[in-house]
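No experiment lies behind these values; they were computed from the predicted model shown. Side chains included, hydrogens not; waters and symmetry mates left out as well; all remaining heavy atoms used. Each chain gets a letter, A, B and so on, in the order its sequence line appears, and its residues count up from 1.
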Amino acid sequence: MKLKHLHSWDITPKDAVQLQHALRDQVIADRPLDLSKIRTVAGVDVSVKNNVSQAAVTVLTFPDFKPVETALAQRPTTFPYVPGLLSFREGEVLVDAFTKLKNVPDVFMFDGSGYLHPRRIGIASHIGLWLGVPTIANAKNRLCGAHDGVGPERGDWRPVTHKDEVIGAALRTKAGCKPVFVSAGHLSDLESAVSLVMSCLTKYRLPEPVRAAHKAAGVFG
DNA sequence: GCGACAG
DNA sequence: ATCTTGTCGC
C-alpha cells in the first residue's frame with residue numbers, strides 16, 4: 001500500500017519530542033468507526049532480536065478472523081527505547097512492512113498506545129498519519145494516566161484520565177487477567193476502539209489481530 | 001527531589 | 001522487547 005512520507009526517521013530523541021508536538025494537531029481521535037462496515041482488520045507488531053527489528057502486519061477477515069495476508073520487514077534496531085517515543089523506534093521498519101502490504105484493511109490495530117500518550121500521539125496515532133487509514137491502539141500496559149479499579153467481568157472498563165482529559169480505557173478482556181489499555185489511534189475514537197477490541201476477542205486476553213501479528217513477528221524467516 | 005514509564 | 005520452568009490461582 002501507498003504511505004505518506006511525513007518526515008525522516010533519523011532524528012534524536014530530543015527532536016522526536018518536538019516533532020510529536022508538530023504532528024499532534026493532525027491526529028483525528030474523535031471520529032466514530034462504523035463497525036458494521038468493517039470486513040478486514042490488521043494487527044501490527046514488532047519484535048526485536050539481536051538488534052534487529054522485525055515488523056509484522058497481519059490482515060484478518062472480520063468478524064471471523066480468517067488470515068488474508070501477512071507482510072514482514074526487517075531492519076537493524078537503532079533508536080533506543082524511550083517511554084513516549086516508541087513510534088520512532090518501530091516506525092521505520094513498520095513503514096517498510098506496510099509498503100509491502102497488498103490488501104489494505106479497513107482498520108489497523110496496534111500493539112501499543114495511541115491517544116493514550118503524554119502528548120496524545122502514541123505509535124497508533126503517529127503511524128496512522130502515515131497510513132491515512134483508521135487505526136486503534138491496544139496496549140498491554142499503561143503508559144500514562146490513571147484509572148479506578150476495573151470490574152472483574154470481560155467487558156468491564158474504566159476511563160483512563162490524564163490532566164483532566166479522558167485519553168483511553170482500561171478494559172477487562174478476560175476474567176482473571178489484567179486489563180488492556182485501549183485508545184483511539186487516528187481517524188477513530190475511543191468508543192469505537194473499545195467496541196472493536198471487544199469484537200476481536202476469542203478465548204485470550206489479547207484481541208486476535210494483535211495475537212496474529214505478534215506470532216508472525218516472533219518467527220524470523 | 002522522587003516515582004512512573006507503551007515495547 | 002527479551003531472558004525462561006514450573007507453579008499458583010480464577
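Here His126(A) lies out of heavy-atom contact (under 4.0 Å) with every strand.
Partners of Arg142(A) by salt bridge (charged side-chain N to carboxylate O under 4.0 Å, His left out), not counting sequence neighbours: none found. Considering only residues two or more places apart in sequence or on other chains, Arg158(A) meets the salt bridge (charged side-chain N to carboxylate O under 4.0 Å, His left out) condition with Asp148(A). With sequence neighbours excluded, the residues that form a salt bridge (charged side-chain N to carboxylate O under 4.0 Å, His left out) with Asp111(A) are Lys140(A). For Ser188(A), the side chain to side chain donor-acceptor pair (under 3.5 Å) test picks out no residue, with sequence neighbours left out.
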Given Watson-Crick and G-U pairs under 3.5 Å, DNA chain C in dot-bracket ([ ] crossing, | other strand) is ..........
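Identified under the side chain to side chain donor-acceptor pair (under 3.5 Å) test for residues 55-68 of chain A, with sequence neighbours left out: Thr58(A)-Thr70(A), Thr61(A)-Asp64(A).
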Polar-atom pairs under 3.5 Å, protein N or O versus N or O of nucleotides 4-7 of chain B: list them with distances, or write none.
| unit_1 | atom_1 | unit_2 | atom_2 | d |
| --- | --- | --- | --- | --- |
| dC5(B) | OP1 | Arg142(A) | NH2 | 2.6 |
| dA6(B) | OP2 | Tyr81(A) | OH | 2.5 |
| dA6(B) | N7 | Gly84(A) | N | 3.0 |
| dA6(B) | N6 | Gly84(A) | O | 2.9 |
| dA6(B) | N6 | Leu85(A) | N | 3.2 |
| dA6(B) | N6 | Leu86(A) | N | 3.0 |
| dA6(B) | N1 | Ile123(A) | N | 3.1 |
| dA6(B) | N3 | Ser113(A) | N | 3.0 |
| dG7(B) | OP1 | Lys140(A) | N | 2.6 |
| dG7(B) | OP1 | Lys140(A) | NZ | 3.4 |
| dG7(B) | OP2 | Asn141(A) | ND2 | 2.8 |

Enumerate, atom names and distances included, each donor-acceptor pair closer than 3.5 Å involving a side-chain atom of residues 96-103 of chain A, sequence neighbours excluded.
| unit_1 | atom_1 | unit_2 | atom_2 | d |
| --- | --- | --- | --- | --- |
| Asp96(A) | OD2 | Arg75(A) | NE | 2.6 |
| Thr99(A) | OG1 | Val95(A) | O | 2.8 |
| Lys100(A) | NZ | Leu72(A) | O | 2.8 |
| Asn103(A) | ND2 | Glu69(A) | OE1 | 2.4 |

Quiz: residues 205-214 of chain A side-chain donor-acceptor pairs under 3.5 angstrom, not counting sequence neighbours:
| unit_1 | atom_1 | unit_2 | atom_2 | d |
| --- | --- | --- | --- | --- |
| Arg205(A) | NH1 | Lys178(A) | O | 3.2 |
| Arg205(A) | NH1 | Pro179(A) | O | 3.0 |
| Glu208(A) | OE1 | Arg211(A) | NH1 | 3.4 |
| Glu208(A) | OE2 | Thr202(A) | OG1 | 2.7 |
| Glu208(A) | OE2 | Arg211(A) | NH1 | 3.3 |

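Residue Ile121(A) holds its CD1 atom at 5.5 Å from CG of Leu129(A), rounded to the nearest 0.5 Å.
Residue-environment remark: CG (Asp34(A)) exceeds the threshold of 12 foreign heavy atoms within 6.0 Å.
Along DNA chain C, the stretch of nucleotides lying under 4.0 Å from any heavy atom of chain A spans, 5' to 3', dA1(C) to dC3(C).
The shortest distance between side-chain heavy atoms of Phe108(A) and Ile136(A) does not fall below 4.5 Å. Put simply, the side chain of Phe110(A) reaches to within 4.5 Å of the side chain of Thr135(A), judged on heavy atoms.
With hydrogens and angles ignored, the 3.5 Å screen pairs a side-chain donor or acceptor of His186(A) with a backbone N or O of Ile28(A). Side-chain atoms of Arg120(A) come within 3.5 Å of backbone atoms of His117(A) as a donor-acceptor pair (strictly under, hydrogens ignored).
Looking at DNA chain B, no stem turns up: there is no run of 3 or more consecutive Watson-Crick or G-U wobble pairs with key distances under 3.5 Å.
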CA sep, side-chain torsions, deciding dist, call: Glu165(A), Tyr115(A), side chain to side chain donor-acceptor pair (under 3.5 Å): CA-CA 11 Å; Glu165(A) 177 183 20; Tyr115(A) 194 76; 2.4 Å; yes
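Ring pair His147(A)/Phe181(A) is tilted by interplanar angle, where 30° to 60° counts as tilted.
Residues of residues 174-208 of chain A that place a heavy atom closer than 4.0 Å to DNA chain B do not occur.
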